[in-house]
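First up is the structure itself, then whatever we jot down about it.
Side chains are part of it too, since the values below use all heavy atoms of this structure and drop only hydrogens, waters and symmetry mates. Labels below follow one simple rule: chain letters A, B, ... track the order of the sequence lines, proteins then strands, and each chain is numbered from 1.
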Protein chains: 2
Amino acid sequence: MNEKKLTAAGRLWIEIDGENFLGSGRIELLENIESLGSLRQAAASMGLSYRKAYYAVRSMNELAPAPLVELRQGGKGGGCAMLTETGRVFVEKYQKIAHQFVIFLTKQSAVF
Amino acid sequence: MNEKKLTAAGRLWIEIDGENFLGSGRIELLENIESLGSLRQAAASMGLSYRKAYYAVRSMNELAPAPLVELRQGGKGGGCAMLTETGRVFVEKYQKIAHQFVIFLTKQSAVF
DNA sequence: TATCGTTATTCCTTTTGATGAATAACGCGG
DNA sequence: CCGCGTTATTCATCAAAAGGAATAACGATA
């Protein structure tokens, strides 16, 4: 039936009580926070406005059983952003299921 | 770690040459077209504007290797909309991988 | 030829979302 | 006590999407 390339595609995220909690964008943000130590720089590094990044962190911290990111304002360097242990655990968990998802999609694409 | 309910959630669709082709909304529209025989009624039955439904059908028909929906204007009843054989095949295919996707998500949710 | 209910298309309004600018608050260090 | 760079927050503006209204086109039927 084909000449064109048919593929199964999708998006995956984690919900808490039915509310959006962690998707690929937020995970990328968390990773950048971990490596850069600054929310502003993390946002800039992925072409995200600071405000959007800030609200994302707030939403994550409120939804999670414990905060994923610790934000400090003032002090040395003006402030900092750090991933908590809970944050690191969730990043790792997401990466695992995201990897399984890639496998799933390639498997389903074989149907066509 | 829990009191709150963590679940893996997601969306699944089919792409053709990297472009969005069939998602759950369009599949629902196709099903309603099949059962009602009218694009206008199919759109109304799922709270969709006629225009949006019409453009969705146009997009699908252009992307697909063969049209999924046949539209006729004028004549008995004013016109009609019918699913083609190709359309029925794609609906069935989508439903199968969508079912697999549900299984996948429940499996991944067990991680939490 | 007039009727009818649908398909086909355009236009305008509303609404939602994204974006950037601007500014306050903070606390360590000089 | 002032400067610095960050976090924290509000405001206004612009773009994009959504929605509804209105109307033309169509062809079997009577």
Do any side-chain nitrogens or oxygens of [X] fall under 4.0 Å of OP1 or OP2 in [N]?
X     : N     : result
A:Y54 : D:dT9 : yes
A:R58 : D:dT9 : yes
A:K76 : D:dG5 : no

Using the six-membered ring wherever Trp is involved, compare the ring planes of B:F21 and B:F90 and label them parallel, tilted or perpendicular (cut-offs 30° and 60°).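 Ring orientation, 0 to 90° scale: perpendicular.
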By nearest heavy atom, map B:Q41 and A:G74 onto DNA chain C; which one lands nearer the 5' end? B:Q41
With DNA chain C as reference, determine whether B:L39 or B:R51 sits nearer its 5' end, using the nearest nucleotide of each.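 On the 5' side of the pair lies B:L39.
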Are the side chain of B:Y94 and the backbone of B:S24 linked by a donor-acceptor contact shorter than 3.5 Å? yes
[X] [atom1] - [N] [atom2] separation (whole Å):
X     : N      : atom1 : atom2 : value
B:L48 : D:dG20 : CG    : P     : 10 Å
A:R40 : C:dG20 : CZ    : P     : 13 Å
B:Y55 : D:dA17 : OH    : C1'   : 14 Å
B:Q73 : D:dT29 : CD    : P     : 16 Å
B:L71 : D:dA25 : CG    : P     : 19 Å
B:E70 : D:dG27 : CD    : C1'   : 15 Å
B:K52 : C:dT9  : NZ    : C1'   : 18 Å
B:Y50 : C:dG5  : OH    : C1'   : 11 Å

Would you classify A:S49 as touching base, sugar-phosphate or nothing, given that sugar-phosphate means primed atoms plus P, OP1 and OP2, and contacts are heavy atoms under 4.0 Å? nothing
Counting any heavy atom closer than 4.0 Å, what does A:R72 reach on the DNA or RNA strands: base, sugar-phosphate only, or nothing? sugar-phosphate
Do B:Q95 and B:Q100 have side-chain atoms, one donor and one acceptor, less than 3.5 Å apart? no
Atom pair NZ (A:K93) and CZ (B:F112), whose distance is rounded to the nearest 0.5 Å: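 It is 6.5 Å, given to the nearest 0.5 Å.
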Among B:V57, B:L39, B:T84, which one satisfies side-chain contact (heavy atoms from CB on, under 4.5 Å) with B:V69?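 The option that passes is B:V57.
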